[in-house]
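I have placed the structure first, in the form of structure tokens, so that the comments after it can refer back to it.
Predicted model, so just to flag it, every value in this text is computed and none were measured. Counting begins at 1 with the first residue of the sequence.
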Amino acid sequence: MADAKHPASIDVAGSLYLRDAKGSLVPLTAVKAADLLMDETVRGILGQARDVSAQIAAFKVDVFDRVSALQALIAQHYGATLGGKKGNITLMSFDGCQKVQVQVSDLLEFGPELQAAKALIDECLTEWAAGGRVELRSLVNRVFQVDKEGQINRAELFMLLRVEISDERWLRAMEAIRESIRVIGSRTYVRFYQRPVPDAAWSPVTIDL
């Protein structure tokens, strides 16, 4: 295992070394065979991973270029717009068995108004406690329960905004939530689907791991 062909070996005055996690040079002959085997396996896998990552990145650029070219071509020759206002677009093969979807999702953050909304909501729930509304309280708890990144549950938050309650404090809370939402950017996704016949369910063509 310990030979000059090891990809990470360092030649110092004719002797070969490997650098360990602390930055120290360890003689190649002193490294356990199992550690060498693991090191070479990891380096081999990461080399392949970098190649695949580069291929996927190049493929993604090519996909967007081809979709943009199609949109421009249709706009130029037919005077029609292909895709929605936000950039969402679905392209379908003529036989209805293959499709490409480009989806643009807003990146959101929430301002301090959200805390004011939470205070108003808690006030309402406290007063309504005698009347039940257990499901509503459960929804509110899910909304404001932060995840590992400290983010609130956005899907549940938008569900909360659809709850129709006429209480003036609740309406002010919902308005505060809406005012707290800031769009700070967007992220574009491309997804691929296929099916054997037009009336079959779609199956995703998965590229990421």
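- The number of heavy atoms from other shown groups lying within 6.0 Å of CE (Met38) does not exceed 12.
- Using a 4.5 Å cut-off between side-chain heavy atoms of Ile, Leu, Val, Met, Phe, Trp and Tyr, with links allowed through other members, Phe158 and Leu160 fall into the same hydrophobic cluster.
- The side-chain heavy atoms of Val12 and Ile10, taken from C-beta on, include a pair separated by under 4.5 Å.
- Using modelled atom types, no side-chain atom of Ser24 and backbone atom of Asp20 make a donor-acceptor pair closer than 3.5 Å.
- Note: Glu175 CD to Trp170 CH2 = 14.0 Å, rounded to the nearest 0.5 Å.
- The closest side-chain heavy-atom distance from Ile165 to Leu136 is below 4.5 Å.
- Residues that satisfy the side chain to side chain donor-acceptor pair (under 3.5 Å) test with Gln115, not counting sequence neighbours, are absent from this structure.
- Scanning for side chain to side chain donor-acceptor pair (under 3.5 Å) contacts around Glu179 gives an empty result, with sequence neighbours left out.
- Ile74 has its side chain out of reach of Thr81: every pair of non-hydrogen atoms, C-beta onward, lies at least 4.5 Å apart.
- Leu120 is not connected to Met174 by any chain of hydrophobic side-chain contacts under 4.5 Å among Ile, Leu, Val, Met, Phe, Trp and Tyr, and they are in different clusters.
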**OP:** Please lay out, stage by stage, how Gln101 and Ile89 fare under the test side chain to side chain contact (heavy atoms under 4.5 Å, CB included).
**Re:** CA-CA 6 Å; Gln101 285 186 335; Ile89 184 173; over 6 Å; no
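- One hydrophobic cluster holds both Ile56 and Phe64 under the rule that ILVMFWY side chains link at heavy-atom gaps under 4.5 Å.
- For residues 185-196, every residue pair satisfying the side-chain hydrogen bond (donor to acceptor under 3.5 Å, both in side chains) rule, not counting sequence neighbours, is listed here: Gln103-Arg191.
- Counting heavy atoms from C-beta on, the side chains of Ile181 and Phe110 come closer than 4.5 Å.
- For the pair Lys99/Trp202, a side-chain contact is recorded, criterion being any heavy-atom separation below 4.5 Å from C-beta on.
- Residues Ala176 and Ala117 approach most closely at CB-CB, 3.8 Å, considering heavy atoms.
- Asp106 contributes no side-chain N or O that, together with a main-chain N or O of Leu108, makes up a donor-acceptor pair within less than 3.5 Å.
- Between the side chain of Ser180 and the backbone N or O of Glu113 there is no donor-acceptor pair closer than 3.5 Å.
- With sequence neighbours excluded, no residue forms a side chain to side chain donor-acceptor pair (under 3.5 Å) with Asp199.
- Atoms CD and CG, on Glu123 and Asp167 in that order, are 8.5 Å from each other to the nearest 0.5 Å.
- Using a 4.0 Å cut-off between a side-chain N of Lys or Arg and a carboxylate O of Asp or Glu, Glu156 and Arg142 qualify as a salt bridge.
- In terms of the side chain to side chain contact (heavy atoms under 4.5 Å, CB included) criterion, residue partners of Val63 (sequence neighbours excluded) are, by chain and number, Phe59, Val67, Val190, Phe192.
- With hydrogens and angles ignored, the 3.5 Å screen pairs a side-chain donor or acceptor of Asn88 with a backbone N or O of Val104.
- When side chains are defined from C-beta on, Asp95 does not count as touching Val197, because their heavy atoms never get closer than 4.5 Å.
- Scored by the side chain to side chain contact (heavy atoms under 4.5 Å, CB included) test, Asp122 finds Lys118 as partners (sequence neighbours excluded).
- We find the SG-CG distance between Cys124 and Leu171 to be 9.0 Å, quoted to the nearest 0.5 Å.
- Counting all heavy atoms, side chain and backbone alike, Ser93 lies closest to Cys97 at OG-N, 3.3 Å.
- Going from atom OG of Ser68 over to atom CG of Leu73 covers 12.5 Å, rounded to the nearest 0.5 Å.
- Scanning all heavy atoms of the two residues, the minimum distance from Leu28 to Ser9 falls at CD2-CB, 4.5 Å.
- Inter-residue side-chain proximity for Val143 and Ile121 is flagged as unmet; no heavy-atom pair is nearer than 4.5 Å.
- Heavy-atom neighbours of Arg66 CZ from other residues, nucleotides or ligands within 6.0 Å: at or below the threshold of 12.
- Separation of atoms CG (Leu18) and CG (Leu25) is listed at 9.0 Å; rounding is to 0.5 Å.
- You'll find the side chain of Leu70 reaches within 4.5 Å of the side chain of Leu91, heavy atoms only.
- Hydrophobic clustering, with ILVMFWY side chains joined whenever heavy atoms are under 4.5 angstrom apart, keeps Leu107 apart from Leu157.
- If you take CG on Asn141 and CZ on Arg137, they are separated by 7.0 Å, rounding to the nearest 0.5 Å.
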